[in-house]
Amino acid sequence: MERFRYLAPAAVLAIGIFLVDTLSSLQFAVASLYVVVVLIAAQDLDRRGTIVVGTVCALLTILSYILMHGFVPNGTAALRSGVGLTALLVTTMLVLNRLSANKRVKKAERERMNLARFFPPSIADQLIKAQTPFSLTRCQRAAVLFVDIVGFTDFSSNMSPNVVVQTLRHLLRMFSDAVFSHQGSIDKFLGDGLMAFFGPPLTSLRDVTNAAECAIELIESVDSWNRRIEARDRPIRIAVGIHYGDVIYGDVGNEKKLELTLIGDTVNTASRVEAHCRVLEASVLVTGEFMDALSAEGSAKLAAAFRDEGVHMLRGRKDPVHLFSIRRLPCELRQSVRPTARGDGVPSGFG
């Protein structure tokens, strides 16, 4: 009943105004006080409820006049009632406009919170303002990144369930922060990893560069994690696979839950590249198409950090794929690409 805590006072006030307007001989527009009733009741009501309250107050104003003066127009009395009805109409319209504005603000906030789970804040804000609906399927070039924790089951085998979940949440948050800090977007979480993309829906001239820097930050973040927990015999290892090419994307939700997803051969290839990290014992593997796009963006120094691994047959692929890896990061890259992951706290059960 707390939801309707303002209705009772509003009802009592309306009855009081009706009695004064009907029984007293005051020569002023008592009915104009009904605007206070509308303002109070609107704290608990939606648009329909506000309209009902305004209508009831208008009917009380008319009823009071009829009881006092009958159906015959009575100069100043009719004028006073008219003033009250006008004030009531204007107030009700203003309240309805305010309720509509509040509804739009709440809807935009829900959309922003939903988008913020998958996009960095700057992109989420732009998407809310965009006029083109996500339901329109698009084809666009993107850098698709998969990251996975290698051997997480063995790593967590001696931990309690609570520590396992807490650790996984922290690591995934660390991965998400790395993606967002380089203007990437998260497509989905995949158990102990995630899929991210750089480009859609708002492309830039350095989408591939952002993906490469994100991969480097992921490695540095994990190294920092291992140093903080003094991992020794059980360090965290990750596998990162990236491919660049055409993707098909669009939303798969509805007006209550909007989710952007990517599909296509580029996504499948990126997933296969990430899985191949275990074969080559590499932390990061990218494709030749990704390296070509990286060079095209003018990131020669960044491209020099990758080593040519030759061509390889990937599981589920008919044609060989040219792969490049990061084994050790040059000192200048370690200084220029710093982990920005937020929340450096270590879950209990470590160190």
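Being a predicted model, the structure only gives us computed values, none of them experimental.
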Undergrad: Would you say the side chain of Leu63 lies within less than 4.5 Å of the side chain of Phe18, judging by non-hydrogen atoms?
TA: yes
Undergrad: Quick one: closest heavy-atom pair of Val38 and Gly54, and the distance?
TA: CG2-CA, 4.2 Å
Undergrad: Tell me whether Met68 shares a hydrophobic cluster with Leu85, the cluster being built from Ile, Leu, Val, Met, Phe, Trp, Tyr side chains joined at under 4.5 Å.
TA: no
Undergrad: With heavy-atom distances below 4.5 Å as the criterion, would you say the side chains of Ile219 and Ile326 are in contact?
TA: yes
Undergrad: If I take atom CG from residue Leu218 and atom CG from residue Leu171, how far apart are they, to the nearest 0.5 angstrom?
TA: 11.0 Å
Undergrad: Using modelled atom types and a 3.5 Å cut-off, is there a donor and acceptor pairing between side-chain atoms of Ser176 and backbone atoms of Leu172?
TA: yes
Undergrad: Between Thr209 and Ser299, do the side chains contain a donor N or O and an acceptor N or O under 3.5 Å apart?
TA: yes
Undergrad: In the structure I gave you, are the side-chain heavy atoms of Thr261 and Lys188 within less than 4.5 Å of one another anywhere?
TA: yes
Undergrad: Can you tell me how far apart CG (Leu39) and CG (Leu94) are? Round to the nearest 0.5 Å.
TA: 9.0 Å
Undergrad: Check this for me, if you would: do Arg272 and Glu274 make a salt bridge, where the nitrogen-to-carboxylate-oxygen distance has to be below 4.0 angstrom?
TA: no
Undergrad: Evaluate Val36 against Leu13 for side chain to side chain contact (heavy atoms under 4.5 Å, CB included), listing each step before the verdict.
TA: CA-CA 8 Å; Val36 180; Leu13 180 59; 3.6 Å; yes
Undergrad: Applying side-chain hydrogen bond (donor to acceptor under 3.5 Å, both in side chains), which residue pairs with at least one partner in residues 311-321 are found, sequence neighbours left out?
TA: Asp265-Arg317, Thr269-Arg317
Undergrad: May I have the step-by-step check of side chain to side chain contact (heavy atoms under 4.5 Å, CB included) for Val20 and Leu33, ending in yes or no?
TA: CA-CA 11 Å; Val20 172; Leu33 296 177; over 6 Å; no
Undergrad: Which pair of heavy atoms, one from Thr22 and one from Ser64, lies closest together, and at what distance?
TA: OG1-OG, 2.8 Å
Undergrad: Could you grab the distance from atom OG1 of Thr287 to atom NE2 of His243, nearest 0.5 Å is fine?
TA: 4.5 Å
Undergrad: Extract all donor-acceptor atom pairs below 3.5 Å that involve side chains of residues 193-207 and protein atoms in other chains or at least two apart in sequence.
TA:
residue: Ser204; atom: OG; partner: Arg206; partner atom: N; Å: 3.3
residue: Ser204; atom: OG; partner: Asp207; partner atom: OD1; Å: 2.8
residue: Arg206; atom: NE; partner: Asn210; partner atom: OD1; Å: 3.0
residue: Arg206; atom: NH2; partner: Asn210; partner atom: OD1; Å: 3.3
residue: Arg206; atom: NH2; partner: Glu213; partner atom: OE1; Å: 3.0
residue: Arg206; atom: NH2; partner: Glu213; partner atom: OE2; Å: 3.3
residue: Asp207; atom: OD1; partner: Ser204; partner atom: N; Å: 3.3
residue: Asp207; atom: OD2; partner: Ser204; partner atom: N; Å: 3.1

Undergrad: Membership question, hydrophobic clusters at under 4.5 Å side-chain separation (ILVMFWY): are Tyr65 and Leu79 in the same one?
TA: no
Undergrad: Heavy-atom distance under 4.5 Å between the side chains of Val144 and Leu262, does that happen here?
TA: yes
Undergrad: Taking only Lys NZ, Arg NE, NH1 and NH2, and the carboxylate oxygens of Asp or Glu, determine whether Asp21 and Arg80 approach each other closer than 4.0 Å.
TA: no
Undergrad: Just wondering, are more than 12 heavy atoms of other shown residues or ligands nearer than 6.0 Å to CZ in Arg169?
TA: no
Undergrad: Thr50 versus Arg47: any side-chain heavy-atom pair under 4.5 Å?
TA: no
Undergrad: Rounded at 0.5 Å granularity, tell me how far CZ in Phe189 sits from CG in Leu168.
TA: 10.0 Å
Undergrad: Taking the side chain as everything from C-beta on, heavy atoms only, tell me whether Phe175 gets closer than 4.5 Å to Ile186.
TA: no
Undergrad: Between atom CE of Met291 and atom CG of Leu323, what is the distance when rounded to the nearest 0.5 Å?
TA: 11.5 Å
Undergrad: Please name the pair of heavy atoms, one in Tyr6 and one in Asp44, separated by the smallest distance, quoted to 0.1 Å.
TA: N-OD2, 2.6 Å
Undergrad: Enumerate the residue pairs fulfilling salt bridge (Lys or Arg N to Asp or Glu O under 4.0 Å) with a member in residues 9-20, sequence neighbours excluded, ordered by first and then second residue.
TA: none
Undergrad: Taking all non-hydrogen atoms of both residues, which atom of Ala215 and which atom of Ile242 are closest, and how far apart?
TA: CB-CD1, 4.0 Å
Undergrad: Strictly distance-based, threshold 3.5 Å: is any side-chain N or O of Thr61 a donor or acceptor partner for the main-chain N or O of Cys57?
TA: yes
Undergrad: Going through the distances and angles, do Phe290 and Val273 end up as a side chain to side chain contact (heavy atoms under 4.5 Å, CB included)?
TA: CA-CA 12 Å; Phe290 180 85; Val273 171; over 6 Å; no
Undergrad: Would a distance-only check, ignoring hydrogens and angles, find a side-chain to backbone donor-acceptor pair under 3.5 Å from Glu297 to Val208?
TA: yes
Undergrad: Evaluate the side chain to side chain contact (heavy atoms under 4.5 Å, CB included) criterion for residues Tyr249 and Gln140: first the C-alpha distance (whole Å), next the side-chain angles of each, then the deciding distance (0.1 Å), finally the verdict.
TA: CA-CA 8 Å; Tyr249 72 98; Gln140 191 172 330; 2.7 Å; yes
Undergrad: Is Ile238 close to Asp148 at the side-chain level, that is, under 4.5 Å between some pair of heavy atoms?
TA: no
Undergrad: Determine, using the 4.5 Å side-chain heavy-atom cutoff (strictly less than), whether Leu96 and Met93 are members of one ILVMFWY cluster.
TA: no
Undergrad: Quick one, Val37 and Val53 - any side-chain contact, counting heavy atoms below 4.5 Å?
TA: yes
Undergrad: Using the rule that two of Ile, Leu, Val, Met, Phe, Trp, Tyr join whenever any of their side-chain heavy atoms come within less than 4.5 Å, decide whether Tyr34 and Leu19 are in one cluster.
TA: yes
Undergrad: Please check if the side chain of Ser221 supplies one atom and the backbone of Glu217 the other of a donor-acceptor pair under 3.5 Å.
TA: yes
Undergrad: Testing the basics here: between Ala142 and Thr266, what is the closest heavy-atom pair and its distance to 0.1 Å?
TA: O-CG2, 4.2 Å
Undergrad: Which atom names give the shortest non-hydrogen contact between Gly184 and Phe180, and what distance separates them?
TA: O-CD2, 3.5 Å
Undergrad: Could you grab the distance from atom CD1 of Ile62 to atom CG of Leu67, nearest 0.5 Å is fine?
TA: 12.0 Å
Undergrad: For Leu285, does its backbone N or O pair with a side-chain atom of Ser325 as donor and acceptor, under 3.5 Å?
TA: no
Undergrad: Could you tell me whether a side-chain N or O of Ser181 sits under 3.5 Å from a main-chain N or O of Ala178, the two making a donor and an acceptor?
TA: yes
Undergrad: Is there a path of hydrophobic side-chain contacts, each under 4.5 Å between heavy atoms of I/L/V/M/F/W/Y residues, joining Leu190 to Val165?
TA: no
